[in-house]
Each structure stands twice: as C-alpha cells, then as structure tokens.
Amino acid sequence: MGKAYWRSLDELAATAEFQDLLAREFPHLAEELTDPRTRRDFLKLMAASLGMVGMAACRWPKETILPFAGRPEGRIPGVPQQFATAMGLFGNALGLLVTSYDGRPIKVEGNPLHPESQGAAHLWAQASVLELYDPDRSQAVVQRQAGQRVVSSWEAFQQELRGLLAALRSSQGEGFWVLGDATPSPTRVRLQEKLAAAFPRARWVDWDPLVRWQELSGLRQGTGVTVVPHLELRRARVVASFGDDLLLRHPQAVANARAYAEGRRDSQHPLRLFVAEPVPTVTGAAADLRLAAAPGRLQQLLVALAQELAKVGVSLPLQLPPVGELSEKERAFVATAARDLARARGASFVAVGAALPPACHALGFAMNLALGAVGSTVRYTSTVQAPGSASLDALREALSRGEVQLLLVLGGNPARTAARELGGEENLRRAKSLVRLGLYEDETSRLAHWHLPQAHFLEGWGDLRSAEGVYSVVQPLIAPLYGGKTAEELLSFVLGEERSGYELVRESFAALVGRADWEQAFRKTLHDGVWSEKLAAPVAVQLVDTGWLAALRFPEETKLAAWVMPDSKVLDGRFANNPWLQELPEPITKLTWGNAVLLGPATAKALGVRHKELLRVAWEGGEAVLPAFLLPGVAEGTLGLVTGYGRQAAGRVGDGVGVALPGVAAVGGSLAVVSLQGTGRTGEVVSTQEQQAIDKLGLEALGHRLGELVREVRAQDPVLPPEERTELRPPMPWKERQFSGEYQWGMAVDLAACIGCGACVVACQAENNIPVVGAKQVAKGRQMHWIRIDRYFAGSPEEPSFAFAPVMCQHCENAPCEQVCPVAATVHSEEGLNEMVYNRCVGTRYCSNNCPYKVRRFNYFNYFKNVSQVTKMAFNPEVTVRGRGVMEKCTFCVQRIEAAKIAARNAGKPLADGAVVPACAQTCPTQAITFGNLADPESRVAKLQRDGRAYGILTELNTRPRVLYLAKITNPPEEA
Amino acid sequence: MSLPAHLDPTLDDPTSRPPLVLGQPSFAEITEQVSAIAERPKPPLWWTVSFAISLFFAVVLLAMLGYLFVTGLGVWGLNMPVAWGFAIVNFVFWVGIGHAGTLISAILFLFRQKWRTAINRFAEGMTIFAVICAGLFPAIHTGRPWFDYWLFPYPNQMQMWPNFRSPLMWDVFAVSTYFTVSLMFWYVGMIPDLATLRDRAKTRARQIVYGILALGWRGSARHWHRYERVYLLLAALATPLVLSVHSVVSFDFAVSQLPGWHATIFPPYFVAGAIFSGFAMVLTLLIPIRKAFGLENIVTVRHLDNMAKILLATGLMVGYAYGIEFFTAWYSGNHFEAFTFYNRALGPYAWAYWIMVFCNVVVPQVLWFKKARTTPWILMVTSILVNVGMWFERFVITVTSLSRDFLPSSWGYYKPTWVDLLTLAGSFGLFFTLFLLFIRFLPMIAMAEVKSVMPQAGLERGPHRGHGQYWGEIPHQHEAILGGDNGERR
C-alpha cells in the first residue's frame with residue numbers, strides 16, 4: 001500500500017490499489033493483507049469494511065474505547081479468567097471452560113459440570129482456539145457476480161436480501177430453502193419455527209456428515225417415533241461395537257471414553273469390550289476381543305449376533321434372515337459376544353456403526369431392547385430438531401427443477417460434504433440466489449452469490465443442547481475478529497427483527513425456563529455453563545417392524561471393498577486448515593499431513609503392493625491416487641480410506657494436503673472398489689513412527705522390549721507380579737541428593753485408560769506454545785510435540801493387539817540429561833522438576849542424546865518466523881516462545897504449578913491435591929494422567945504410584961523417573 | 001624389486017643400523033634440498049592447482065557456515081533421535097588424525113626412534129591443521145554458536161560456572177590444551193630451521209618474516225641447550241595428550257548411557273583408532289609429496305615401512321576392539337546392547353558398517369607383507385581406504401547408536417543433506433589450504449633433527465653411543481652439527 005496516507009475511510013476505500021487487492025479471488029493468498037502487517041495496519045485496512053458492519057445489528061452494548069480509570073471487578077491484568085461456553089460437534093454439545101487472558105481466549109478446557117465433558121475435552125475442542133485465530137478465515141462479506149469476486153458489506157447484503165425476501169414473502173416462501181448444519185441449538189430451532197410461520201412454504205434441511213443420520217433413520221423405523229439415543233456407558237459392563245468408533249468419532253466420545261476407563265478400572269465388575277471393524281480405530285484398539293471384519297460382513301455379523309442371543313435366552317420377536325457361512329473366527333466372536341452380553345443383561349450395549357444402513361441400527365435397537373439396555377445403558381429422548389425438516393434429496397430435486405429461489409446455507413460445507421447427495425456443483429449453481437454464511441471462503445462459498453463471514457463459536461452468542469437435554473449458553477470470549485455474525489443473527493435478520501445474538505439467546509432461555517425470575521437462572525447458567533433442570537424427557541420406545549427388517553440386505557461379497565470413515569483429526573475436512581490437527585499423529589497409523597489407503601500386510605502381499613507405493617483406487621463415481629500404508633489389523637480384502645483431505649479451498653495450511661475422495665458418500669461406510677492399480681511409484685507418507693519400514697531385526701527387538709514397556713495385567717487380578725514391580729530407588733553407594741521442596745511433583749499415567757486419542761498432545765501444544773513444523777520437517781523427524789503417544793502392535797499382523805503409551809519428560813530424579821549439559825542449562829529443582837533453562841541453552845543437544853526416553857525436542861529452525869499476527873494471539877503469555885537453537889521439553893506445566901503456588905501463598909493455605917493440573921491431565925477424556933504432590937501420601941498420585949499396577953519405564957538405567965505407568969488391564973473373554 | 005643388502009634400508013640386521021638418510025649427503029646438501037622447497041620463487045604447477053581447488057573448498061566451507069548460522073541447524077540432516085551427525089563425526093575424525101603427529105613428535109622422541117626426524121615436522125603440521133578443522137565443528141554444531149563462550153569458565157555476571165561433569169566441557173579443555181601444546185611444540189621445534197631459512201633468505205621480506213619467526217636464533221651452544229631442554233619438556237607434555245585427548249573425546253560417547261556408546265573400551269579403542277587414522281593421513285600426504293619434491297632420500301622407504309608397521313599394529317587393535325565389542329554385547333545379556341551391535345551389522349546402516357570393517361580390518365592385512373609396506377602406491381591406496389574406514393567408524397558409532405536406542409517409538413533414520421556433505425568437503429578444503437601453505441613457505445622437514453641422525457653427526461661412533469642424544473653430551477655433539485651448515489652462507 002506504500003506510504004500514501006489517507007485522511008478518511010472513504011478515501012481509502014476508493015483507492016484503486018485497495019480495490020485491486022481485495023478483488024483477488026483468493027483473499028487468503030493475499031499475503032499483503034495479513035502477514036507482514038501489524039495488527040494495527042490490518043485493522044486500518046479492514047476498518048473500511050468493519051466500519052460498515054451493521055451498527056444496526058449491534059450485539060453488544062455500545063462502548064467507547066477509553067483506558068480504565070478504575071479496575072473492573074474481577075479483572076486483574078495478567079491473571080486469566082475462565083468463562084463457560086460450549087461447542088457443538090457430531091450433533092452434540094460439549095460444555096467448555098475457556099481461559100481468557102487480557103480479554104482474549106487462549107485455552108479451551110472441559111466444563112466439570114457438563115455431563116458430556118465432566119471436565120475433559122476432546123482434541124477438536126482443544127484445537128478450536130487456533131481455528132478462531134486462523135488468518136485464513138473469511139474476513140469480509142463477498143459478492144460474486146458473473147464470476148467476479150467483489151468485496152462488499154453487510155449493509156449491501158442486507159439491502160439485497162430485503163429485496164429477495166420481499167419477493168418471497170409474496171409467494172409465502174415458495175422456493176426459499178435453508179440448509180442448516182444440524183447444530184442442536186434451541187435458539188435456532190425457535191427461529192426455524194418462526195421462519196416456518198413467516199414463510200409457510202419455505203423448506204429447511206439440516207445436513208452434517210458427522211451426525212448419525214442412518215442411526216436416527218433406523219431408530220425412527222424401528223420405534224415408529226423420532227428419538228435420539230443417549231448412551232450411559234458408565235452403567236455398561238459388556239459393550240459390543242460393530243463398526244462404531246464409540247471412543248473418538250461419536251457425539252458422546254468424551255463421556256464414553258470416561259465410562260470406558262472407569263469400567264476398566266473396576267476390579268469387581270470389569271468392563272469387556274468386543275469390537276468388530278474393518279479398519280483399526282481407537283475403539284478397536286481398546287477392545288478385549290477384536291474381529292477384523294470386512295465391511296460387507298458387518299451386517300451378517302449383526303444378524304448372527306441376534307441369532308446367537310436367541311440361543312442364550314435373549315430372543316427378539318423378529319424373523320431374522322439366514323446369515324450364511326461364518327468363518328471360525330466370526331463364529332467365535334459372535335458366540336462369545338452374545339454369551340457375555342446376555343450374562344450382563346441390563347449392563348450391556350450393542351453399538352452399530354454410524355455408516356451402516358438404517359436397518360442395522362433398527363436391529364441394534366431391537367437387541368438392546370431385548371438385553372434390557374433401554375433405560376439403563378441407553379436412553380431415548382425427543383430430538384432438539386424442529387419437526388418438518390426436509391431431506392437432502394428433496395433439495396436436490398428442487399435444485400434440479402430450478403425451483404430454488406433463495407438457498408441460505410448456514411455453516412457446514414455442503415458443496416464438498418454433500419456433493420454427491422446434492423448433485424454436485426452444477427446443481428447448486430441452479431439456485432437463483434445462494435447465500436452462504438461460513439467460517440471460511442470454501443468450496444461452498446465459491447459457488448455462492450453472497451458469502452457472509454460467520455462468527456466462530458468463541459466470538460458469538462448462541463446456545464446448545466446435548467442429547468440428554470442439558471442446556472448450555474455459548475458465550476463469546478472476544479468480539480468477532482472479522483466482523484462475523486452467527487447463524488441465529490442472520491436468521492433474525494431474515495425475519496426482519498435484527499436482534500443481536502445476546503438478545504436472541506436470552507429470549508430462548510426465558511422461553512425455556514418459563515418463569516418470571518429467569519434472569520437469575522440465566523446468570524447462573526452463564527456462570528456454570530449448564531442448565532439441567534429441564535432435561536429432555538425420555539421417550540418410551542417399543543420395537544415395531546415398519547418393514548425395515550425386510551429391507552435388511554446383505555451386500556454382495558466382493559474381493560476388494562473399501563471402508564470409508566471421516567479422518568480422526570480433520571474429520572470431514574472442516575479442520576483441514578488447522579495446523580495443530582494436521583500435525584497431530586493419527587492415533588493408529590501415526591500419519592500426519594495427509595492420508596493414505598490402509599491395507600493389511602497379508603492383503604498387500606496378495607496384491608503385490610509395497611508400503612508407500614502409490615495406488616489408483618477406483619469406485620463408482622470417482623477415483624483417487626493414494627500411497628499405500630500397510631497397517632496390521634485391517635481386515636482381509638479391505639482398503640481403509642478417510643475423507644477430509646485433498647481440499648483446494650481450505651486455506652494456506654490445508655490446501656493440497658492429502659488426497660480427496662470424489663464421489664464418496666459423506667457418511668462413509670462400505671464402498672465397492674471397482675479397480676485397484678499399482679503405479680509403481682512411491683508416494684509421500686509422513687508418519688512420526690516407523691518412517692522406514694522396520695526390518696525383521698528391528699521387529700524382533702521391538703517384540704522383545706514391548707513386554708517391558710507396556711505391561712499388562714488381567715482385570716480380575718490387577719496387580720503386577722513382584723518381579724515386574726520395578727525397583728525404583730536402588731540404594732547407591734554415595735550420599736544421594738535430598739530434595740528439600742515442600743511439594744514433590746509426580747505423575748501417574750494409567751495405560752488401562754489411555755485410548756490414544758491425542759487430546760493431550762493438542763492441549764499441551766495449546767498451553768505451551770509448541771510450534772507446528774510442517775510436513776517436510778515431520779518427515780525428517782523434527783516434530784516438536786512435548787508429549788507423544790507411542791503406539792505398539794503385538795501379536796500377529798492379521799490379529800494384532802494394540803498398546804498406547806503417552807510419553808512425556810519423566811523428570812528423572814537422576815536425570816541423564818542434566819549430567820551432560822556443558823552449560824548447565826538443564827537443572828533439577830528442589831521440587832523434583834527437571835527444568836529446562838531456555839536462555840542458557842547453547843544447543844549442543846547432548847541432553848537429547850543421553851535421554852533414554854527421547855522426550856526432548858530441538859528447535860532446528862526458527863519455527864515461529866512465519867506465524868501471522870493473528871495466530872500469535874493464541875499464544876499463552878505465561879510460557880516462553882522458544883527461539884532457534886534451543887532445546888525444549890515437557891515442564892509438567894510449570895507455569896500452572898507456579899500460578900497455583902502463588903495463589904496458595906496469597907491465600908495463606910497449602911496447595912490442595914488437584915489444585916495443579918497440567919494441560920494433558922486436564923483434558924484427557926479418560927483421566928488417564930494424574931498429577932500431584934508425591935510428598936503428600938494421601939494425594940491421588942501418591943496412591944496411584946503405590947498401586948499394584950505401577951511400574952516405571954527403563955528404570956534399570958537408574959533414572960528414577962517421577963512418572964510411573966499403571967499397567968494396561970485386559971479382560972479377555974473365556975473361550976465360548 | 002629387492003635391493004642388495006647394503007642398499008636396502010628396510011633390512012633389519014641387528015648387527016648394523018641402516019642409514020636413515022640415503023645417498024650419504026652432506027649437511028649442506030640436506031639444507032639445500034629442504035630449504036629449496038620453501039625458497040622457490042614460484043611454486044610448482046601442481047601446487048598452484050591444488051591450492052586453488054583447496055581454497056575453493058575452503059570458501060565453500062565459509063559459505064556453508066554462513067548459511068548455517070543464518071538459517072539454523074535444520075539445514076543439516078539432524079533430527080530426533082539423531083541429534084549428532086556429520087559435525088561430530090567430522091570432529092572426532094579430524095581430532096583423531098591429529099594424534100599421529102603428536103605421537104611421532106613426542107612419543108617416538110621419548111622412545112628415541114631416530115627415524116621420526118624425517119617426518120615429524122610434516123606430521124606435526126598436519127596435526128595443527130587437523131585440530132583446527134576439528135575445533136571448528138563443535139563450535140558450529142551448537143544451536144546458538146554465538147554463546148559458545150559460555151562453555152569456558154570465565155567470571156561472569158550470571159555467576160554461572162559451566163557444568164564440569166559434562167564430557168563436552170572436558171573436550172573444551174582437552175582440545176584447547178592439545179592445540180596449544182601442539183602449536184608450541186611444532187613452532188619451537190621449527191625455530192632452528194626457520195633461522196636457516198632466514199639466513200638463506202634472498203629477499204628482504206623473507207628475511208624479515210623468517211627473522212621474526214626465528215626469534216633471534218643464533219645457533220649458539222646456549223640456544224641449543226635451551227632448545228633441547230624445551231623440546232624434551234614439550235615432548236613430555238605432549239605425550240600424555242596423545243592418550244588423554246582422544247580418551248576425553250571418546251568420553252563424549254562412553255560417559256553417556258546410549259547402548260553402543262556406553263562402553264569402557266572406548267578410550268583405548270579411540271586412541272588406537274586415532275593413531276591408526278593419523279598415520280594413514282600422514283602416509284596419504286607424505287607419499288605424493290616426497291615424490292613431487294624429490295625427498296625420497298630423506299623420507300626413505302624405511303620410514304614408510306615403519307609407519308606401515310604402526311598402521312598395521314593399530315589396525316589390529318581397532319579390529320580387536322570391533323570384535324570384543326560384539327563379544328561383550330552378547331556376553332552381557334543386555335538386550336539393548338546386543339541389539340545395537342546386531343543392528344549395526346544387519347540393520348539399515350549395514351552398508352556403512354561393512355565399509356568400515358572392510359577398510360579397517362581387511363585392507364590393513366596387506367601390510368603384513370613387506371612388499372606392500374615398501375611399495376608407495378600400495379601404501380597410498382591402503383592409507384586412503386583406512387581413512388575412509390575410520391570416518392565411517394565414527395559415523396557408525398555416532399549415528400547408528402542414536403538412530404535406534406531404547407524406545408522403538410523414537411527410532412529414526414538420519415540422512416545427510418547437501419550442506420552436510422559440502423561442509424565435510426569444505427573442511428578438507430580448509431585443511432589442504434593450510435597444509436599447502438605450510439609446505440610452500442615453511443621447512444617441512446626438520447633439517448636440524450635429520451642432521452642429528454646422520455653419520456656425520458658423530459652420534460653413531462663408539463659402542464656406548466647408539467641410542468641418540470644423551471643429556472650432558474649436547475654441546476660438542478651440536479658442534480659437529482653446527483660445523484656442517486649453521487653460520488654458513490650460501
């Protein structure tokens with residue numbers, strides 16, 4: 001922009017350069033706009049459009065900018081505050097507590113009062129703060145006319161919309177369609193109903209590939225009523241999953257994981273998990289008996305299970321179709337599962353994968369009903385969705401007939417995730433006006449006539465209801481960075497009301513509470529984050545056969561079938577531009593920055609496919625070229641594929657990462673493979689473990705060591721044999737150092753609970769300003785995560801068992817790293833922490849060489865050089881941002897320890913147990929990590945370290961780690 | 001082709017000592033032969049070409065260092081777990097090479113091995129330059145090299161001492177001591193010869209420069225007396241360094257707990273290896289240079305034979321160490337240790353391991369044969385292969401142990417980048433630049449010492465004289481030497 005000063009916003013807006021700049025097709029590639037500028041310049045530039053943000057739609061009491069004369073109550077500069085809010089994902093709500101530092105959110109944690117969270121948060125919640133500060137998010141209202149992209153304004157949009165709506169009002173809303181993103185928001189439902197009243201002929205469709213549509217449909221068919229399931233797996237002791245990733249890709253993943261861990265730790269009635277799945281997931285990894293079943297076999301297995309249940313006295317009033325031949329393993333699996341499910345009547349549950357057809361879900365419901373699970377481990381409640389929702393098919397029809405006058409897309413990314421269902425781009429373009437509200441200018445925005453920037457959930461008002469009916473207010477922690485609006489505000493405008501999100505939510509709450517003194521309750525809800533007085537009423541359900549049983553078809557057996565799932569990190573692609581999630585190693589494959597086609601070693605051998613060889617996979621409707629990744633545990637003849645990659649409109653981070661799967665149904669599931677060809681070329685696969693295929697010698701060594709690294713005990717007798725209880729402090733012939741600190745910090749990691757999801761890794765990255773290094777550097781082995789989750793396979797490649805071990809700095813009392821640092825940059829505190837002194841580190845890296853756990857990370861480059869100004873707002877100010885040439889590692893979140901100590905000292909009381917919670921321990925859905933003061937024998941961590949399952953890793957090196965591991969608990973079933 | 005007995009200097013006849021300088025030249029002829037090399041107004045063409053190439057690579061080194069400092073250590077192939085790569089391998093390689101010079105200068109002096117006189121200056125020079133190259137690498141391989149001075153124990157405002165328990169600290173002392181003592185030894189030893197060049201200087205500039213360097217040497221008895229005393233003392237100082245410096249360098253590995261590094265055999269193993277590679281480098285340099293400058297009568301076949309014998313001996317020690325490491329790993333029952341060694345031989349770096357074994361164990365066996373020891377080109381090839389093998393030995397030790405250690409989840413592969421390779425090549429450029437300058441301008445053979453082992457020096461006469469210089473006999477012995485050339489004008 002040069003040094004030409006402008007005297008008014010008008011002058012600025014009128015300059016040719018400015019117009020030119022913003023007229024480019026891809027705003028997120030216009031580096032001048034964001035990166036080298038300071039935030040102040042950026043705001044100067046954007047003030048033109050910011051100034052035009054409708055002051056009319058004022059959603060926050062107007063305030064002038066003045067420095068504080070007196071400190072506002074409860075706000076101390078430099079002392080963070082936490083505010084309760086909630087996040088919607090998979091069609092459910094997760095209550096959160098977000099830490100706000102000097103008026104901006106920097107860390108997300110779970111809300112202990114919210115039953116879905118119980119204090120924990122999944123990895124997507126942890127990564128959401130980076131999504132908020134994404135410089136590639138859409139920053140302006142954009143209009144597309146005749147292929148030209150023009151930056152516009154809210155006012156201009158509102159002008160046009162008024163015209164469109166006036167036309168529609170006369171026709172009672174004929175041709176007015178709204179495509180929502182299935183957010184379970186009572187306010188949105190209320191506005192939806194109002195819209196239906198104002199435009200009686202308008203149609204509303206909800207679409208989100210992560211919502212379990214097949215299950216909802218199946219339940220509707222199986223019960224005759226519209227219900228939503230709510231799992232209570234904490235009451236379950238036998239769970240059988242058929243292709244369902246209960247512990248990670250599930251609306252109640254966090255609660256399910258907690259229930260799973262508690263079930264594992266229950267020595268009286270230990271949990272037993274059966275999983276039949278084509279491709280390994282964290283749920284399958286946690287299973288006591290796992291069957292690698294080809295995608296086409298899952299339905300037969302379900303029916304076979306029903307038949308077996310009948311044999312053990314749990315009969316279904318249904319005429320089940322004959323199943324056909326089952327293999328030995330399948331028979332054993334089904335028989336054992338049926339036996340155990342029946343034995344645990346009332347405490348058992350059958351889970352059916354989201355991608356399986358509705359008939360399977362109806363059958364699953366039937367089994368659960370017969371097992372007495374309904375009312376115990378699962379409850380069915382009425383849905384939050386407004387009635388009369390139309391279907392995607394109807395929308396496609398309307399589009400193809402040219403009947404759509406105005407299509408309002410709220411959130412989501414249907415041009416990508418519903419491409420097949422909606423008939424592709426050409427069909428969407430048939431809408432006369434396509435208005436899209438979105439976080440990013442993505443694939444859908446490129447087709448839209450109007451793109452409106454959406455306010456992120458951390459910057460706008462809203463509300464959410466969990467499946468159980470727990471109500472949470474989504475309150476913003478920062479004013480919208482880019483002048484975005486929430487979907488509810490947009491709807492309010494459509495209705496001609498122009499209310500702010502704040503007012504809308506208050507109205508909804510008042511209506512919900514139904515009392516005159518609702519204001520009091522509202523304040524409490526804002527504070528607590530939950531309002532649980534009016535939970536969704538349970539609906540009594542019975543089994544009905546509406547013909548779904550007849551529709552239960554077994555798919556044709558093909559030699560090669562693919563199983564498609566949303567990726568474990570970027571899901572359906574919505575998080576593709578989130579570098580934390582791209583760099584997070586996928587739980588099972590440890591892949592980063594891309595996807596691959598997963599094959600079992602036997603299948604690969606039969607097909608003559610090498611590891612990392614590029615394969616062309618073709619199915620009906622599309623094909624893709626992906627590198628092959630040999631993974632133990634993939635069913636024979638099955639290819640594992642994940643969606644969410646290969647985007648071209650995600651942003652600078654996500655564009656071009658991985659390979660897209662065109663023409664695949666967004667819900668995933670079984671996919672018939674038409675052809676599979678090797679190309680002979682080798683592809684790029686970036687994995688944090690086993691970058692090279694491990695040779696036989698290495699595999700032998702691995703097998704030898706695994707038993708020591710990850711120890712196992714049986715659930716019935718969860719005590720390690722005496723020879724395995726590692727000698728932690730063998731006496732030394734010299735006088736040993738005594739630590740004089742009042743607190744002695746230590747940690748216990750429960751391997752029985754860890755499912756390998758990776759939430760701890762993202763939380764640590766968020767808390768400690770850990771840089772993202774990118775695909776090329778990860779390929780070299782330079783990822784910077786302070787905590788990593790080691791994944792090991794044991795047993796045969798066809799039927800492996802899986803083990804996860806989260807490894808962070810062990811804070812060894814006799815640390816090998818401390819002894820070899822020439823400049824004493826790593827020292828030991830009196831409280832037992834191994835402290836890394838960044839400003840003293842010269843970078844010889846001897847400490848890393850001597851660390852047997854290899855938990856230290858080195859800044860080989862200045863990884864913060866290209867971080868944009870906006871992203872810097874996500875940094876935690878209490879943690880140093882490390883420079884080039886300096887070593888770093890887990891500090892047990894020393895900033896949290898110190899903050900707690902200061903608070904305790906000010907209060908004049910000693911630190912209570914549980915007052916200090918490092919980021920990893922805080923967010924873990926299964927509460928696998930416990931931290932505390934070992935000097936207090938009554939603290940949880942001290943008790944856990946004395947547990948019969950506790951052992952240390954590599955203690956024979958006399959490192960004396962402060963982190964002990966609790967052996968994995970297995971509960972294998974007896975032979976059927 | 002075997003020479004008749006009275007002409008073959010490599011014969012070991014206990015009744016007579018073969019001449020160490022062939023052709024029975026006079027002192028003046030020795031002076032002339034050696035000084036003429038440094039006095040040529042124009043260097044030979046091959047020198048100019050070699051110098052240009054070396055200088056080019058030295059500049060490449062500078063460029064790589066600049067790139068490294070500006071961008072960061074990521075330009076090398078390092079990662080986690082392999083945090084030490086080429087830089088440390090090169091460091092140990094160059095430091096090891098330096099040990100030959102000090103052994104020849106100091107230890108062979110104390111053992112009264114008179115044949116050392118023809119090669120000691122040359123070898124000691126090689127040591128100095130090798131240590132310069134070596135010292136470069138630990139300085140640049142740190143993440144923040146501008147703070148390298150923190151490794152020195154100097155009084156500072158932080159009130160921080162460095163951590164003396166760290167082997168890297170010991171390296172600082174060892175290498176700096178080694179460099180200092182070697183430099184002093186080499187320089188002091190050169191003073192009489194610098195005086196010779198001063199006295200023969202044809203241009204004013206040379207007269208001044210050599211004059212300053214010669215520190216006013218007059219060749220008087222007193223000067224000689226002091227010279228011999230200092231020489232003996234420095235030899236005594238330098239001798240333990242031959243053993244200690246590389247032992248300390250080996251502690252970088254041995255004191256850590258990495259399997260494959262943590263072995264008590266490392267100090268003697270590394271010292272033997274250092275002498276092995278050092279002698280190989282001396283041979284590699286000496287053989288072409290003695291041919292090019294016509295010094296075969298001073299650096300005779302006997303010298304080559306002796307050096308080859310030392311090469312063989314140390315090569316056998318290194319080979320033994322390889323074998324005993326394997327045995328220890330197996331016998332210990334420590335599966336981490338055992339795996340490390342099987343991994344070296346059979347894992348992803350097996351190619352490096354077998355190059356190392358071939359070059360260090362198989363190739364030197366040819367030196368059992370006198371024919372091989374006395375044929376310069378065979379020695380040349382052998383010594384080059386030995387150096388390659390020794391570089392790979394350090395590579396195998398450093399990289400394979402790091403790449404697969406305790407926890408299989410952090411196993412990783414190291415691949416050098418072009419910056420790594422050019423930096424290594426650049427260090428050779430630096431070494432050869434300095435070395436070529438040395439042979440161009442400084443007396444590369446210790447003329448005064450060579451003369452002392454010639455028959456004219458009168459040290460061989462009499463039954464009780466035959467072991468070189470004794471204390472107390474210095475004055476009149478040196479008169480015999482002095483009478484030959486010092487004070488003589490050309």
Side-chain angles (χ1 to χ4, degrees), chain A residues 590 688-692 694-698 700-702 704-706 709 777 780-783 788-792 805 807 816 818-825 827 840-846 848-850 852-862 883-887 953-954 957 959, chain B residues 71-84 138 141-148 150-151 158 160-172 252-253 255-258 261 334-336 338-339 342-343 346-348 401-402 404-415:
Chain A
K590 296 298 166 206
T688 57
Q689 271 185 239
E690 297 119 27
Q691 284 279 32
Q692 305 284 109
I694 290 198
D695 52 315
K696 197 158 142 286
L697 188 70
E700 269 173 33
L702 216 166
H704 200 126
R705 294 177 200 194
L706 191 57
L709 297 175
Q777 295 298 307
K780 287 210 162 115
R782 296 178 181 165
Q783 66 276 11
R788 64 170 192 267
I789 301 183
D790 292 347
R791 177 269 297 127
Y792 297 110
V807 179
E818 291 169 7
Q819 295 171 34
V820 294
C821 173
V823 288
V827 294
R840 176 72 174 170
C841 177
V842 177
T844 61
R845 304 178 303 289
Y846 201 172
S848 160
N849 293 344
N850 216 22
Y853 308 100
K854 285 290 176 290
V855 286
R856 287 172 157 271
R857 303 280 171 251
F858 189 70
N859 285 278
Y860 280 107
F861 288 120
N862 177 2
R884 162 163 69 101
V886 158
M887 196 62 97
I953 295 183
L954 295 177
L957 299 175
T959 49
Chain B
T71 316
L73 280 173
V75 302
W76 288 348
L78 301 170
N79 60 14
M80 286 299 157
V82 187
W84 279 359
H141 102 290
T142 52
R144 302 202 294 173
W146 46 94
F147 289 132
D148 278 346
W150 284 348
L151 272 90
M158 297 180 278
M160 282 286 297
W161 289 116
N163 176 17
F164 293 106
R165 295 160 79 195
S166 167
L168 291 182
M169 272 306 295
W170 310 338
D171 268 355
V172 168
D252 283 350
F253 304 105
V255 166
S256 83
Q257 58 177 13
L258 212 59
W261 281 13
N334 178 341
H335 65 96
F336 293 120
F339 170 73
Y342 299 149
N343 179 52
L346 304 168
S401 314
L402 281 173
R404 287 187 167 182
D405 68 331
F406 294 98
L407 295 186
S409 59
S410 37
W411 286 356
Y413 201 68
Y414 166 80
K415 265 210 300 241

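The figures here come from the full heavy-atom set of this structure, side chains too, leaving out hydrogens, waters and symmetry mates.
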**OP:** Take B:F336 and A:L957 through the test side-chain contact (heavy atoms from CB on, under 4.5 Å) and record every step on the way to the result.
**Re:** CA-CA 11 Å; B:F336 293 120; A:L957 299 175; 5.9 Å; no

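Here A:C821 contributes atom SG and B:R165 contributes atom CZ; the two are 11.5 Å apart, rounded to the nearest 0.5 Å.
With sequence neighbours excluded, the residues forming a side chain to side chain contact (heavy atoms under 4.5 Å, CB included) with A:P816 are A:C812, A:N850, A:P852, A:T959, B:Q257, listed by chain and number. Partners of B:D148 under the salt bridge (charged side-chain N to carboxylate O under 4.0 Å, His left out) rule, at least two apart in sequence or in another chain, do not exist in this structure.
For B:V75, the parts lying under 4.5 angstrom from a heavy atom of chain A are both the backbone and the side chain. When heavy atoms are compared at a cutoff of 4.5 Å, A:T844 approaches chain B by way of both its backbone and its side chain. With a 4.5 Å cut-off on non-hydrogen atoms, B:F164 does not touch chain A at all. Heavy-atom distances place the side chain of A:L709, and not its backbone, under 4.5 Å from chain B.
Proximity of a side-chain donor or acceptor of A:R782 to a complementary backbone N or O of B:L78 within less than 3.5 Å is detected. Although no hydrogens or angles enter the test, the distance criterion places a donor-acceptor pair under 3.5 Å between the side chain of B:R144 and the main chain of A:C841. The backbone N or O of A:Q689 lies less than 3.5 Å from no partner atom in the side chain of B:W411, so there is not a single donor-acceptor pair. Under the 3.5 Å distance criterion, the side-chain polar atoms of B:N163 are matched with a main-chain donor or acceptor of A:E818.
Of all the listed residues (B:A338, B:S166, B:G72), the one sharing the greatest number of non-hydrogen pairs under 4.5 Å with chain A is B:S166. Of the residues considered (B:D405, B:V82, B:N343), B:D405 shows the highest number of contacts with chain A, using heavy-atom pairs under 4.5 Å. Across A:V823, A:V807, A:L706, the residue that shares the most heavy-atom pairs under 4.5 angstrom with chain B is A:V823. Per-residue counts of heavy-atom pairs under 4.5 Å with chain A were compared for B:W146, B:F147, B:F406; the largest is that of B:F406. Chosen from B:V255, B:L402, B:L346, the residue pairing most often with chain A at heavy-atom distances under 4.5 Å is B:L402. The choice from B:V172, B:D171, B:D252 that makes the most heavy-atom pairs within less than 4.5 Å of chain A is B:D252. Of the listed residues (A:K590, A:R856, A:R705), the greatest number of heavy-atom pairs within a distance under 4.5 Å of chain B belongs to A:R705. Taking chain A as the reference chain and counting heavy-atom pairs below 4.5 Å, the highest number among B:W161, B:Y414, B:W261 is found for B:W261.
Closest of all the heavy-atom pairs between A:N849 and B:A83 is OD1-CB, 3.5 Å. A:P822 and B:P162 make their closest contact through O-CB, 3.3 Å (heavy atoms, listed as atom of the first residue, atom of the second, distance). Across B:P167 and A:Y846, no two heavy atoms sit closer than the pair CG-OH, 3.5 Å. Of all heavy-atom pairs between A:K854 and B:P81, the closest is CE-CB, 3.5 Å. Contact detail for B:P408 and A:L702: the closest heavy-atom pair is CB-CG, 3.7 Å.
Under the 4.5 Å side-chain criterion, counting only non-hydrogen atoms from C-beta, A:V820 is not in contact with B:L168. B:S410 places a side-chain heavy atom less than 4.5 Å from the side chain of A:R788.
Using cut-offs of 30° and 60° for the angle between ring planes, the A:H704 and B:H335 rings count as parallel.
Taking the six-membered ring for Trp, B:W76 and A:Y860 have ring centres at least 6.0 Å apart.
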